[in-house]
Protein chains: 2
Amino acid sequence: MNRFADMTVAQLLAALASPNPTPGGGTAAAIAGAMGTSILVMVASLAKSRNNTDDEKAALASARAAIEPITVTLLDLADADAASFDAVMAAYRLPKATDGEKLARTHAIQAALRGATEIPLETLRACAHALEHAHAVADYGNRSAESDTGVAIGLLKAAADGAAANVRSNLGGLKDEAFKAATEAETARLLFSPATLA
Amino acid sequence: MNRFADMTVAQLLAALASPNPTPGGGTAAAIAGAMGTSILVMVASLAKSRNNTDDEKAALASARAAIEPITVTLLDLADADAASFDAVMAAYRLPKATDGEKLARTHAIQAALRGATEIPLETLRACAHALEHAHAVADYGNRSAESDTGVAIGLLKAAADGAAANVRSNLGGLKDEAFKAATEAETARLLFSPATLA
């Protein structure tokens with residue numbers, strides 16, 4: 001499979017617009033989140049002013065160090081999201097003529113749906129983690145980049161919401177009640193964390 | 001200048017993360033909006049069910065026809081946003097040794113800031129227009145793509161908010177009070193329109 005990172009923006013948009021089910025919202029959410037983390041890295045690279053205190057410099061450097069690797073994580077998740085949904089559709093296409101085939105197909109669907117739940121949950125975790133550090137960038141970053149920081153936080157929140165919608169959509173088809181309850185609890189906790197809501 | 005549409009996603013993210021002021025939040029907002037419109041085109045291409053009524057088919061086709069050209073508009077605005085902000089910075093760098101130079105520089109800054117206000121306002125208009133039609137996609141599109149529609153609407157709202165933040169940020173430096181009042185009024189109207197809030 002082509003990596004989305006290596007597609008041009010025009011190719012990515014054409015792939016999203018095509019009637020094929022993947023790439024879909026999960027991939028777009030991850031890439032939107034990666035635009036958010038990239039902008040935060042830019043803002044965290046600008047001093048607040050010529051008079052930045054040592055503490056302010058340290059807070060920005062620490063936020064930048066935490067946020068920078070999340071861009072790569074989100075690009076990986078953009079690919080993984082499409083692959084995990086392709087696996088769900090492949091499982092649904094398995095033969096179901098005999099009882100043995102039906103059983104194998106049911107197991108394959110459940111395993112694939114679980115994967116298609118875990119990937120957007122990872123996206124949600126990555127966005128929530130970036131948002132925890134975004135507020136240091138907003139507080140100590142250069143004031144002239146304030147609207148950039150605002151856009152970045154808005155994109156990360158939209159990405160977190162979109163990832164959560166995908167988690168819940170795929171969770172609906174799962175039968176493992178313990179996994180469903182734990183995943184829904186973590187999704188709600190991440191969505192309603194102070195950093196995600198602020 | 002390279003068009004962002006022709007950059008790979010990885011190149012776009014590296015450009016956003018670089019300490020250069022452009023591309024910044026305005027470009028990212030436009031591209032996030034274009035991901036939203038692309039996903040809506042995909043969902044509008046799927047029938048709701050095998051029993052779609054003629055009215056439902058017509059509503060989806062109409063929404064699709066309205067949304068599809070907005071992707072290209074938003075890609076153009078991604079480029080225009082960076083160019084308009086580059087023009088602001090170029091104007092600030094003009095010489096200011098003599099009174100004549102100071103006057104010319106002030107005029108150039110005002111003209112450039114006006115451009116850097118009008119571009120994100122166009123982005124906001126494009127996103128608000130897409131959101132007006134997104135609700136037909138949510139109502140008549142395929143239910144299995146519900147979470148995709150949700151991600152698309154979330155991205156368009158984040159793009160609209162980000163564009164509005166950029167309008168207001170650049171509006172602050174303008175001296176033409178009539179233009180400022182009219183632009184702020186349109187920005188507020190678009191942000192608080194039923195389609196943008198729903």
Side-chain angles (χ1 to χ4, degrees), chain A residues 3-21 23-29 31-32 34-43 45-46 68 71 74-75 78 120 144-152 154-159 161-163 165-170, chain B residues 3-21 23-29 31-32 34-43 45-46 68 71 75 78 120 144-159 161-163 165-170:
Chain A
R3 295 215 56 198
F4 293 114
D6 299 328
M7 283 190 188
T8 66
V9 171
Q11 287 170 335
L12 168 71
L13 296 177
L16 289 170
S18 90
N20 299 331
T27 293
I31 291 173
M35 289 202 290
T37 53
S38 298
I39 294 171
L40 290 174
V41 166
M42 180 271 282
V43 179
S45 306
L46 307 171
E68 196 159 28
T71 304
L74 286 168
L75 276 178
S144 70
E146 202 168 9
S147 63
D148 293 308
T149 309
V151 172
L155 290 176
L156 282 162
K157 286 181 181 181
D161 282 341
N166 277 294
V167 170
R168 287 166 168 165
S169 170
N170 293 323
Chain B
R3 294 214 56 197
F4 293 114
D6 300 328
M7 283 190 187
T8 67
V9 171
Q11 287 169 336
L12 168 71
L13 296 178
L16 288 170
S18 90
N20 300 331
T27 293
I31 291 174
M35 290 203 290
T37 54
S38 298
I39 293 171
L40 290 174
V41 167
M42 180 271 282
V43 178
S45 305
L46 306 171
E68 196 159 27
T71 303
L75 275 178
S144 71
E146 201 169 10
S147 63
D148 294 308
T149 310
V151 171
I153 290 176
L155 290 176
L156 282 162
K157 286 182 180 181
D161 282 341
N166 277 295
V167 169
R168 287 167 168 165
S169 169
N170 293 322

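Atoms considered below: every heavy atom in the structure, side chains included; atoms not considered: hydrogens, waters and symmetry mates. Throughout, a chain's letter reflects where its sequence line sits, starting with A, and its residues are numbered from 1.
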Based on non-hydrogen pairs under 4.5 Å, which of Asp148(B), Val41(B), Leu13(B) is most in contact with chain A?
Leu13(B)

For the student: nearest non-hydrogen atoms of Gln11(A) and Met7(A), plus distance:
OE1-CA, 3.4 Å

So for Asp161(A), is it side chain, backbone, both, or neither that comes closer than 4.5 Å to the heavy atoms of chain B?
neither

Based on non-hydrogen pairs under 4.5 Å, which of Pro19(B), Pro23(B), Ala14(B) is most in contact with chain A?
Pro19(B)

Using non-hydrogen atoms and a 4.5 Å limit, figure out which bit of Asn20(A) sits close to chain B: side chain, backbone, both or neither.
backbone

Which one wins on heavy-atom pair count under 4.5 Å against chain B: Ala5(A), Ala10(A), Ala165(A)?
Ala5(A)

Holding to side-chain hydrogen bond (donor to acceptor under 3.5 Å, both in side chains), I want the full list of residues that pass it with Asn166(A), two or more places apart in sequence or in another chain.
Ser147(B)

Atom CE of Met35(B) and atom CE of Met35(A): how far apart are they, to the nearest 0.5 Å?
4.0 Å

Let's go through Lys157(A) and Lys157(B) carefully: what are the C-alpha distance in whole Å and the side-chain angles of both, what is the deciding distance for side-chain contact (heavy atoms from CB on, under 4.5 Å) to 0.1 Å, and is it a yes or a no?
CA-CA 11 Å; Lys157(A) 286 181 181 181; Lys157(B) 286 182 180 181; over 6 Å; no

For residues Met42(A) and Leu16(B), determine if any side-chain heavy atom of one lies less than 4.5 Å from a side-chain heavy atom of the other.
no

Looking at Ala29(B), Ala15(B), Ser18(B), Ser45(B), which one has more heavy-atom pairs under 4.5 Å with chain A than the rest?
Ser18(B)

Tell me, out of Ala17(A), Gly162(A), Ala158(A), Ala163(A), who's got the most heavy-atom pairs with chain B below 4.5 Å.
Ala17(A)

Need one label for Leu75(B): side chain, backbone, both or neither, based on atoms under 4.5 Å from any heavy atom in chain A.
side chain

So, Thr37(A) and Thr71(A): side-chain donor and acceptor under 3.5 Å apart, yes or no?
yes

Counting heavy-atom pairs under 4.5 Å with chain A, which one of Thr27(B), Ile39(B), Leu12(B) comes out on top?
Ile39(B)

Contacts with chain A made by residues 149-156 of chain B (heavy-atom distance under 4.5 Å), listed by residue number
Val151(B), Gly154(B), Leu155(B)

